[in-house]
Amino acid sequence: NDFYYLKKNEQANDFIETLKLVNYTCKELKSGSKKALAKTITLVESKLKKDKALVQKILENLNVNNNTVRIGVTGVPGVGKSTFIESIGLFLIKKGLKVAVLAIDPSSKESGGSILGDKTRMEKLSVNPFAFIRPSPSDGHLGGVAKKTHESILCLEAAGYNVIFIETMGVGQAETAVYDMVDIFLVLLLPSGGDELQGIKKGIIELADLIVVNKADNDLIKVAEITQREYKNALQITGKPRENHLIDVLMCSSLKSKGIQEIWSFIVEFVKKQKDNKNFYKNRESQQTKWMWNSVRNAVNELITKDITKEKFVLQIQEKVRKKNLSIFKASQLICDFFIKNKF
């Protein structure tokens with residue numbers, strides 16, 4: 001009985017301490033503390049069970065903020081995504097806005113590590129007191145985003161950041177995952193002629209709300225104009241990614257900060273129209289559902305990786321497949337049946 005009492009008392013104390021920590025963290029986040037924000041996102045990205053439970057309680061105490069703008073930025077490697085974000089970010093800060101950047105870096109399949117070098121490519125923005133840059137590892141997650149990008153967005157919004165950029169790894173088949181997290185999706189292109197349409201995935205272009213031809217400066221201005229014209233012509237035969245919206249193609253020079261004002265004006269007008277016709281709110285509600293299923297998939301994948309693959313029965317099946325004594329299809333079905341029977 002004494003042991004039972006002590007155990008219950010210990011659990012009660014742990015609960016009180018957790019509650020205090022949650023309240024303190026939420027208070028610090030809402031005050032705009034960068035230290036609290038960085039620590040919270042680190043907890044969000046943690047794989048430890050106790051950290052996940054803590055993050056869940058923190059997120060449940062954060063209010064929904066529909067006054068922010070979430071901007072996805074994608075494009076082929078070398079197109080100048082980081083330079084573009086720094087240029088428009090500094091421009092927005094001058095207008096009195098707080099800017100945050102979630103920059104996703106690919107993770108090594110061997111070590112699991114990432115370079116996380118985006119801060120070095122945004123030297124001016126990274127030291128600005130009204131900006132927050134967070135490089136995050138993709139952790140093998142497809143879609144050009146990290147597993148916990150959506151959770152990090154909520155933390156940034158709670159900390160008072162008005163504009164949040166999500167810089168993806170680069171254009172790929174699954175890059176469209178970022179589309180389900182943002183209010184407006186930007187695709188950056190390099191100035192080049194002729195075969196540029198073949199050099200980028202058609203699906204990505206169809207999802208774009210705005211196409212930006214970057215590096216339109218010096219000797220590349222005329223080439224950029226040709227690229228802009230070609231894409232405008234090509235877009236006439238594609239569908240509209242969002243209701244009642246025509247995709248536009250703009251040019252800019254991130255290095256010289258030319259064309260940035262026009263791009264921001266387009267974004268502001270786009271968001272205004274989306275809010276006027278209620279599609280902005282419908283989109284965010286839809287994203288909540290997609291986020292839920294994404295969380296389910298992540299949890300199931302983690303369960304499979306950590307638990308199921310180590311089960312004796314599964315190891316035996318794996319060995320039979322390796323020796324070609326069992327077909328892959330039969331093995332898959334056996335493992336699924338085992339998973340359902342033992343985990344539900």
### Message
Are the side chains of K282 and N277 in contact, using a 4.5 Å heavy-atom criterion?
### Response
no

### Task
In plain terms, say whether R70 and E157 are close enough for a salt bridge, that is, a side-chain N and a carboxylate O under 4.0 Å apart.
yes

### Task
May I ask you to test the K258-D217 pair for a side-chain heavy-atom distance under 4.5 Å?
no

### Message
Can you confirm whether more than 12 heavy atoms, excluding those of K30, are under 6.0 Å from its NZ atom?
### Response
yes

### Query
Just by modelled atom types, is the K148 backbone N or O under 3.5 Å from a matching donor or acceptor in the S152 side chain?
yes

### Query
Counting only N and O atoms by type, is there a donor-acceptor contact under 3.5 Å from the side chain of T227 to the main-chain atoms of V223?
yes

### Message
Taking K272 first and then D276, would you say they form a salt bridge - that is, a charged N and a carboxylate O separated by under 4.0 Å?
### Response
yes

### Side chain to side chain, L190 and V76, heavy atoms closer than 4.5 Å
yes

### Query
Which pair of non-hydrogen atoms, one from K34 and one from N128, has the smallest distance, and what is that distance?
NZ-O, 3.4 Å

### Task
Rounded to the nearest 0.5 Å, what's the gap from CZ on R229 to CE on M251? Could you check?
10.0 Å

### Query
If you group Ile, Leu, Val, Met, Phe, Trp and Tyr by side-chain heavy-atom gaps below 4.5 Å, do V268 and I88 land in one group?
yes

### Query
Any donor and acceptor pair, going by atom type alone, linking the side chain of N325 with main-chain N or O of V321 inside 3.5 Å?
no

### Task
Would you check if there is a donor-acceptor pair between the side chains of S265 and E269 at a distance under 3.5 Å?
no

### Message
Is a donor from one side chain sitting under 3.5 angstrom from an acceptor on the other, for S254 and N214?
### Response
yes

### Query
Between the main-chain N or O of K290 and the side-chain N or O of N294, is there a donor-acceptor pair closer than 3.5 Å?
no

### Query
Do other residues, nucleotides or ligands put more than 12 heavy atoms under 6.0 Å from the OH atom of Y24?
no

### Query
Is there a side-chain contact between H150 and D180 (heavy atoms, below 4.5 Å)?
no

### Message
Take a 6.0 Å sphere around NZ of K330 and say whether it holds more than 12 heavy atoms from other residues, nucleotides or ligands.
### Response
no

#### Entry: K323 with E319: basic N within carboxylate O range, under 4.0 Å
yes

### Query
Is there side-chain contact between L125 and F130, with heavy atoms separated by less than 4.5 Å?
no

### Message
For a 4.5 angstrom cut-off between non-hydrogen side-chain atoms, does V101 reach M122?
### Response
yes

### Task
Using the side chain to side chain contact (heavy atoms under 4.5 Å, CB included) rule, take L92 and F165 through it: C-alpha gap first, then chi angles, then the decisive distance, then the call.
CA-CA 12 Å; L92 295 175; F165 290 94; 4.0 Å; yes

#### Entry: ILVMFWY network linking I41 to L59, side-chain heavy atoms under 4.5 angstrom
yes

### Query
Given V212 and V187, is the side chain to side chain contact (heavy atoms under 4.5 Å, CB included) satisfied, shown in steps?
CA-CA 6 Å; V212 177; V187 175; over 6 Å; no

### Summary
To the nearest 0.5 Å, atom OG1 of T149 lies from atom CE of M181 at 5.0 Å

#### Entry: Residue pair I71, I164: steps toward the side chain to side chain contact (heavy atoms under 4.5 Å, CB included) verdict
CA-CA 6 Å; I71 305 171; I164 298 162; over 6 Å; no

### Query
What's the shortest heavy-atom distance between I335 and I308, and which atoms?
CG2-CG2, 4.2 Å

#### Entry: Shortest non-hydrogen contact from V79 toward K215
O-CE, 3.6 Å

### Task
Determine yes or no for a side-chain-to-main-chain donor-acceptor pair under 3.5 angstrom, with T40 supplying the side chain and A36 the backbone.
yes

#### Entry: hydrophobic_cluster_shared for L62 and L102, side chain cutoff 4.5 Å
yes

### Query
Is there a donor in the side chain of K256 and an acceptor in the side chain of N218, or the other way round, less than 3.5 Å apart?
yes

### Task
Determine the minimum heavy-atom distance between D209 and F266, stating which atoms define it.
O-CZ, 3.5 Å

### Query
Is K275 positioned over the aromatic face of F280, cation under 6.0 angstrom from the ring centre and no more than 45 degrees off axis?
yes

### Message
Less than 4.0 angstrom from a charged side-chain N to a carboxylate O is my criterion; do E151 and K52 meet it?
### Response
no

## Note on the structure
Here the gap from D248 atom CG to Y231 atom OH, rounded to the nearest 0.5 Å, amounts to 14.5 Å

### Query
Do I166 and V73 have side-chain heavy atoms sitting under 4.5 Å apart?
no

### Query
Can you tell if the side chain of L54 reaches within under 4.5 Å of the side chain of L43, non-hydrogen atoms only?
yes

### Task
Calculate, to the nearest 0.5 Å, the distance between atoms CD1 and CD1 belonging to I317 and I328 respectively.
13.0 Å

### Task
Say whether Q333 and D337, considering side chains only, have a donor N or O and an acceptor N or O under 3.5 Å apart.
yes

### Task
Indicate if L315 and F338 have the same hydrophobic cluster label, given that clusters are the connected sets of ILVMFWY residues with side-chain heavy-atom separations under 4.5 angstrom.
no

### Query
Should T68 and N162 be marked as a side chain to side chain contact (heavy atoms under 4.5 Å, CB included) after you check the CA-CA gap, both sets of side-chain angles, and the distance that decides it?
CA-CA 5 Å; T68 59; N162 314 105; 5.6 Å; no

### Message
Show the nearest heavy-atom pair for residues L188 and G80, with the distance to one decimal.
### Response
CD2-O, 4.0 Å

### Message
Minimum heavy-atom separation for S82 and E167, please, with both atom names.
### Response
OG-OE2, 3.0 Å

### Message
Just verifying a value: how many Å separate I263 CD1 and I184 CD1, rounded to the nearest 0.5 Å?
### Response
10.0 Å

#### Entry: Atom pair CD/OG of E86 and S257 - distance to nearest 0.5 Å
9.0 Å

### Message
Does the plane of the ring in F132 sit parallel, tilted or perpendicular to the ring in Y161? Use 30° and 60° as the thresholds.
### Response
tilted

### Query
Linking I/L/V/M/F/W/Y whenever any side-chain heavy atoms sit under 4.5 Å apart, do L334 and F329 land together?
no

### Query
Do any N or O atoms from the side chain of S87 and from the backbone of F84 form a donor-acceptor pair under 3.5 angstrom?
no

